[in-house]
Amino acid sequence: MTDQGATAEQADAVRLSDPVPDDVILRERADKGDPLLSVKGLEKHFPIVKGLLRRQVGAVRAVDGVTFDVYRGETLGLVGESGCGKTTTGRLLTRLVEPTGGSIDFDGRDIAHLRQGKLRPLRRDMQMIFQDPFSSLNPRHTVGTIVGAPFRIQNVKTEHGIKRAVQDLLKLVGLSPEHYNRYPHEFSGGQRQRIGIARTLALRPKLIVADEPVSALDVSIQAQVVNLLDDIQREFDLTYVFIAHDLSVVRHISDRVAVMYLGKVVEIADRDDLYTRPRHPYTVALMSAVPVPDPARRDRAQRERVLLTGDVPSPINPPSGCRFRTRCWKAQEICATEEPPLLPRLGDAASHQTACHFPIDDAEEVAGRSSRATA
Amino acid sequence: MITYIIRRLLAAVLLLFIVSAAVFSIFYLVPRLVGATPETLATRYVGRSATPETVNLIAHKLGFYDPIWVQYGRWVKGIFLGSEYDYGSGTEQCPAPCFGYSFITRQPVWPDLLDRLPVTLSLAVGAATLWVIFGVATGVLSALRRGSLLDRAAMGVSLAGVSMPIFFTGLISLLVFSYQLKWTAAGGSYTPFTENPGDWFYSLLLPWIVLAFQFSAQYARLTRAGMLETLGEDYIRTARAKGLPERAVTVQHGLRAALTPLLTIFGLDFGLLLGGAVLTEQVFSLPGLGKYAVDAITNNDLPKVLGVTMMAALFVVVANLVVDLLYAVVDPRVRIN
Amino acid sequence: ACGGDGDDSSSGSKAKPEFNAAVDKIFNPSDKKGGTIRLANAGDWDSLDPGDTYYGYSWDFLRLYGRSLLTFKPSAGQDGNELIPDLAENLGETKDNGKTWTYKLRKGVKYEDGTEVKAADVKYAVLRSLDKETFPNGPDYFRQFLNLPEGYKGPYKSKGVNTDSAITTPDDSTVVFHLKQAFGGFDYLAALTQTVPVPESKDKGANYKQHVISTGPYMFDQNNLGKNFTLKRNPNWDQGTDPFRKALPDAFEVSLNVNPDDIDNRLLSGDLDIDVVGTGVQPATLGRVVGDPTAKAGTDNPYQSRLWYTSIVGTVKPLDNIDCRKAVLYAADRTGYQTAFGGPLAGGDLASTIMPPTIPGYQKYDLYPAGPDNTGDVAKAKEALAACGQPNGFETNIAYRAERPKEKATAESLQQSLARVGIKLTLKPFPQGDYFSQYAGNPPYVKANNIGLATNGWGADWNDGFGYLSQIVDSRVIRETGGSSNVSVRDPQVDKMLDEALGLTDAKAREAKWGEIDRKVMEDAFILPGVYAKALLIRPKKLTNVYVNPAYNMYDYVALGVA
Amino acid sequence: MVVGPGTVSDQVPVTPDPAEGSVPGKAIEGRSLGRIAWTRLKRDKVAMSGGYVIVFLILVAIFAPLIVKFLGDPPNEFHQNLIDTSTLAPKGGTGISGDHLFGVEPQNGRDIFSRVVYGARISLLIAFLATGLSVVIGSILGVVAGFFGGWVDALISRAMDVFLAFPLLVFSIALAGVIPDKAFGLTGDALRIALLVFIIGFFSWPYIGRIVRGQTLSLREREFVDAARSLGARGPYIIFKELLPNLVAPILIYATLLIPTNILFEAALSFLGVGVRPPTASWGGMLSDAARFYTIWHFMFFPGMAIFITVLAFNLFGDGLRDALDPKGRR
Amino acid sequence: MAAGTFLEVKDLKISFPTDDGLVKSVDGLSFQLERGKTLGIVGESGSGKSVTSLGILGLHNKRNAQVSGEIWLDGDELVSAGAETVRALRGNKMAMIFQDPLSAMHPFYTIGHQIIEAYRVHHKVSKKVARKHAIDMLGRVGIPQPERRVDDYPHQFSGGMRQRAMIAMALVNDPQLLIADEPTTALDVTVQAQILDLMHKLQEEFNSALIVITHDLGVVAELADDVLVMYGGRCIEYGTARTIFEQPEHPYTWGLLGSMPRIDRPNLDRLVPIPGLPPSLINLPTGCAFHPRCAYEPRTGGLGRSLSPELAGSGQPGHLVRCHLPTDERQRIWREDVKPKLEAQ
Ligand SMILES: Nc1ncnc2c1ncn2[C@@H]1O[C@H](COP(=O)(O)OP(=O)(O)OP(=O)(O)O)[C@@H](O)[C@H]1O
Ligand SMILES: Nc1ncnc2c1ncn2[C@@H]1O[C@H](COP(=O)(O)OP(=O)(O)OP(=O)(O)O)[C@@H](O)[C@H]1O
Ligand SMILES: [Mg+2]
Ligand SMILES: [Mg+2]
Ligand code: NI
């Protein structure tokens, strides 16, 4: 690659990374109302201890400075490859783990370092749906106990007693109220996931963090659950943070999507914006990797595909600068030294933010590109 | 790896220290709590014609008048630095691992322990060889022929084996094989290997078999369970899918993985056994560490008891250490981490 | 090791084996030399050091490698109790009615290294045995009788202290003992192994037992303490200085800590010659031996100069009342007692006195007849209880040594038989090592814990009333700190009678006195006699000159030879 | 098939649940895992026969006086008339007769049958209590170690290591030897039993503790714990309401399998002479007596078989229980 | 046997007797496959896909599986053949790639060892030669520095590399039939794309017959020439990939397509799921196994409840459908009812 080529691309970058005027941002913000959840610089480092004295020798930087807002009533999709920190982010939001740094403003309150006692009442407003329908329900409890647990734990009185409330919830998620006395093992995966959803709905939360709620399910069942999530969102005016690695599902369910790579958000945008005009090379590669159920497009797709080589680097020693640079075909020196900020790029909506020195131009031909290693 | 070993070693030393302190305090403290005085303790070791003055002297000589930590310190010091023993007309140097002198025979304990060790070692090694061979073989066969008559018979016998106390099987087998049929040596006729390997073998045959019977039973069950579990693993299916002959699949792939967890159990069992196969040695009157321990306890010979318990604990700890290191050799997953 | 058995003609087949063939007579006499005698001990030797051993078998055996001033005559039958000079030329001479005793040593007696035995060595041997801190096991008679300097602690600790007030050696072959008080039976002390000479230069204190320097016909070859040892011939032993040791075999092999059942089996199969402890066969063997006439013919059944008994402790209520004690004596099932100890053969004869028949002065009498079948006289016992004011019986505890199955069986038997009259016994096993020091022999403990009965046993140090009775009926030996063998007999009158007996130089009068004491104690009902112990010994098949020496109540180890 | 948006009825299951098998409609009451395990256990003939033997043994232990009244003699009663005093053996070898089903002991002629029956009391009592003790200690410490982790876990785990490194039998004999005759307001058999229970129970807790700790560690990672936590549940709620119900099965299994171990342990201690005091009958004690008379077969045979059958029954039942409860067997 | 057909499965039935009853995992499955062609088998979890693949390789345990029917591989019948015959073919003529490469590889042996072992079972060569071959193979599946990585253990590999190694192991003997059972399910999309790409290339290179088992229709569309849709242990629709995706005729296939959110199309307002749950293989619903979940069942006039439909030819050549509805009605429903909904904005 010549120097000139590089400058040309840099020129691109300069244009794209020009800041979006503040008034645009503010206007868009106003459209959406104020965020229910606002995360700034969220970090979680799991210490690694070693040696004789069990000293900390390093950390798994599972989440390493994540910033985003979630507006009331919307669904924010969180996608990324395995190990990029999605689950950890979700657990941070619900404060199942305490962040190493950053802030989490939930409904106007910073809950990042709240103690469990203070947190307890807030938990009603913030619930989590788990990935594994088998391990997320206590096998020794009846459905009634499981779905009724929120009432008992939070000491919430219900009008017609807990049993009625639970049965109503069961009906709501499409289960028979007669299932009250049954045990989880008597249900299929999809039904279990419904039970889990019923449990999260019990306290009428404002925010639900769903960690890959459908990944373990078959397509047909997955669709049932996705529809259910859709329905209850509408019915209860819920806000979702929807974690998934399946870009198709995320595309279906989200209003906005954040793409994570190695503990960082590399791109965040309104759904259609993201899927039609991805800016970050990683997003592009990710989306082109998804197989499309259309044999007619097969040969074309294979030609167009951006194949990444190698694997995701270890979060213990993430690459300097831009973390994606080791697998990026556009990477240059600056990528190794300077970390690109997550910013809206000129020409994009203010809500479309990309963390890249060389974002992909609309006109750019990426098809057939492959990362440097194979090139 | 090195730090791992060092950490394990330090932990082992600490463990031995705790064990010794616990044993020590039980033996020195409990009698005192119950009201024994240095003199009453000493009366055990003064012979049949002692005057109170003698009792005093002996109590003094054995250090019973010192506070417990002084006594313990002396004992620990003896182990690391050795100690001196006044045998009346002079003193004798007891070199470094000095576990003190028997209260009764006035002989140093350490040589005694070393003397007994080969017996227990012979017993344990012989029995372990037998039980590993038989137990594992039975377990493997049972697992491969799961549900067959052989499997059920083997498992029945094994269950019976683990359900029978060794002193019962020992007594019965002594009665039948050695007393009635005279096929094996009578109890208590241990001959050291160095003296006569043939006699050694003959004298240990029955204890080996009896001890191995019980353990074989246990190992057969464990092996079978382990085999069944590994045979259900995906990699076994892969091995078959590669077209490996069944024998290679079960032995190289199945058994290898199934035996690994057995290693831990074997280490612990073997370590415990080395510390004294108390019941077996008692039943067959083998002059090993286990019998030594029982005799020492019966005679209230505290230095001996301490010595033998420490020895036993040491074996357990060392066996565990060895197992952990072996594990790293056998299982590459452990090695890397 | 036992090598070629040689010519069969001279083997034991000559003598006809029959039951008790070696009691009171010599079985299979022979002068054949050579061979090895194999012995085994179920336990450990208390010590091989002549100054530190207190077991009859050990004294019997020690004569193979040590010569005390006097010894018992190696002879079958009653004259085996007779003292004869060994290292000394003659019995003790006393010119002042038993206060000083003079012994002249034989000339030419040598240690295994060839140096000659001197009188000073005997003195040194006796003195060192006084160091109880170093030699706790041996008897303590010398300290009791010798006129030692105040606070004398033996030659190690009281170095350089002049001990001429106790023992003098006017010349190299004369030893003179000076006593605190007259003691007519001092010759018995001179026969103790503590007078076996020890050369001071070779003494190693507590470690001397690793290699005792021999004066007898045999010396130590190998010695693995706690495991085994062997004796071989002592080249410096001279038959000329030793009129009675025949020294027939070439060697002795002794194994220690051998399983007792295994000893029996090997004795029966001839793989072993002698159970050195000499207390007889195990119960498991009993049936095999007694049930089979040929096997029984290969056994001897001598008395043991030992009484198994139960102390009835008068300091424990209501046994402070003599009638309650008598009730125990009447109610006890004597046959049960006997069976507990192994029956008439392995256990012994029913006892009704304290002194066994082997002790001179023994008189046969029975103050508390136990009914026609000796299972106890329930009616009499109830009467006694009524007299005691406890017509419905009472509760008390019986102590026994946990490690001793026979005592356990005794306690269980007494529990059964006394229950018949309402005396409820609770069994209290105690560890043997602490039995006298902390439990049954510890008066405060006994009182506090209501140990009304305690199983007990006593064997004579030598066959003489003093040697037998002094430790078990003299109330003055009872120590409040515990440790005495006398657990129950507290009668000032008995103490007085003992002192009287001691002063008597006339043997006959003395013996009569012992008898009186015996009766007095029985009248006091402090002791429930159980059995006069007997041992069922398996007679060595391949040995010659086998006989039971009454002084030790077991085979005479110096006389044996290999057929 | 298309159903309009906005309703939630498109998910209602139409087909009967596969897990429910072929009984649709019914089954309002769910079948708990315990119930399923029980049905499975009931089908396991071998385990059930083990269970019956256990029940039988417990009944024998409870009604020992009654049984002995009809079928034997008091356990401590001597029958020396049945003994050949010179050999100490029962007359006729064993003394087995209508009165003495298992014959009589040599030397004193006690009825072996009634002693075996009474021995069951001691064996079972001590084994059950000791197991209970170790289960309590082990479960609590195991859960605490597993749940809280960190230094608590380190401490408890090291403690378990120490206990496991102890030469247990030697140590127990020694401990039983130095303990006085009267303590904690108890004497006699009661004290001995308490002591044995303590020793056995106190030294076998690490086995259960390890298992419970391991299980807790894996349960703690299960999402339902996170779910409870995200609902605001406190530590005790999670331990008692969420974790413990899941630990019941392993605890039950290992308790059942620990009982035979403890029976053997008690027998071993009695055999070595530190068990209950004579004349109280215990199987290990009888064997130790029988060892002296090892040539008289029936004396060791019956108590030995009693131990064997009891331990076997518990092992069979425990194995069956494990198969029935083991999560691996479920799917 | 049709010309060019390399694998033919005829009326394959595999069932497992269990405590609860006989599990009929595969119930009368038939298909053919030619060299160089790829067959995709799709279906929900538990529809019998894996059991079929294991059945072809003869990996079911004789003791707990009942296998009947015929499997012809290059002229050999496998179901009735002796165990040793089948073993000799396994890994040699036919090989398999499993879903979870971590658990499918022995944790105690190096990657190299496991590949060498696979090679040496069927080739009498020295270890050295086999090792060279293994390194070569690892290189071909795109493992960087194969000489070095050959001595690594499976856990030292990343997920994608493990799957590559697994493929290398399967291909080491140049098998003519390769079965990949969910080869990419455990992998991330980016890695999945690499693996699919690799498999595609390798198949072209080796010209082997390939069976890809998956429940991801995207993967099938990407690789398969023919597609077999399984439901309850049976084939309910069979046809070329184009037919299945563009003119599917079975309501179940419609359901699958409707359930799938698609990345390549703008958002549907709602997904169109199949109601209910997959059937129990012990008690298959009477009649058409799919009828309890089928919206068009009423249109069969009760036939769906009582009679099991046959797998019958449809409009396109080679298109087989197991449905009571008449062909033209099915085609009409697809055209007019279902397809518009799936493509609706
Ligand atoms: N408790 C923990 N201790 C140490 N490291 C952890 C811990 N939890 C997660 N990690 C590490 O943090 C990183 C992010 O994990 P996380 O589970 O958040 O990823 P994810 O995006 O949810 O992946 P997946 O798609 O596999 O669920 C991973 O490398 C993981 O190994
Ligand atoms: N060894 C077996 N014993 C009993 N049932 C079995 C056995 N193997 C498989 N099955 C059953 O056969 C059915 C089909 O299983 P199979 O593994 O083929 O499904 P699959 O289509 O591969 O599903 P998945 O997508 O989950 O892998 C399942 O219901 C399963 O429970
Ligand atoms: Mg995750
Ligand atoms: Mg499958
Ligand atoms: Ni290392």
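Letters go in sequence order (proteins before strands), and every chain restarts at 1. All values derive from a computational prediction rather than experimental measurement.
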Checklist outcome for this item: d(B:Y179 OH, C:D261 CG) to nearest 0.5 Å is 10.5 Å
Checklist outcome for this item: Filtered by a 4.5 Å non-hydrogen cutoff, the part of residues 57-66 of chain B contacting chain C is B:L57, B:I58, B:K61
Checklist entry - Side chain, backbone, both or neither: which part of C:E200 has a heavy atom under 4.5 Å from chain B? => result neither
Checklist entry - How about B:R106 and C:P136: do any of their side-chain heavy atoms sit closer than 4.5 Å? => result yes
Next on the checklist: Is there a side-chain contact between C:D44 and B:T105 in this structure, where contact means two heavy atoms from C-beta onward sitting under 4.5 Å apart?
Outcome noted: yes
Item to check | Residue C:K447 excluded, over 12 heavy atoms near NZ under 6.0 Å | outcome: no
Item to check | Options C:Y435, C:F436, C:Y156, C:Y208, ranked by heavy-atom pairs under 4.5 Å with chain B, top entry | outcome: C:Y156
Next on the checklist: What part of C:R288 gets within 4.5 angstrom of chain B, counting heavy atoms only: side chain, backbone, both, or neither?
Outcome noted: side chain
Item to check | Heavy atoms of other groups near C:K180 NZ, more than 12 under 6.0 Å | outcome: yes
Next on the checklist: Less than 4.5 Å to any heavy atom of chain C: does that hold for the side chain of B:D115, its backbone, both, or neither?
Outcome noted: side chain
Next on the checklist: Do C:Q210 and B:Q107 have side chains that approach each other closer than 4.5 Å (heavy atoms only, starting at C-beta)?
Outcome noted: yes
Next on the checklist: Using a 6.0 Å cut-off, check whether atom NZ of C:K153 has over 12 heavy atoms from anything other than its own residue.
Outcome noted: no
Checklist entry - Counting heavy-atom pairs under 4.5 Å to chain B, which of C:R128, C:K157, C:R143, C:K209 comes out on top? => result C:K209
Item to check | Point-to-point distance, once rounded to the nearest 0.5 Å, from CD of B:Q282 to CG of C:N259 | outcome: 9.5 Å
Next on the checklist: Between C:K159 and chain B, with a heavy-atom cut-off of 4.5 Å, which part of the residue counts as in contact: side chain, backbone, both or neither?
Outcome noted: neither
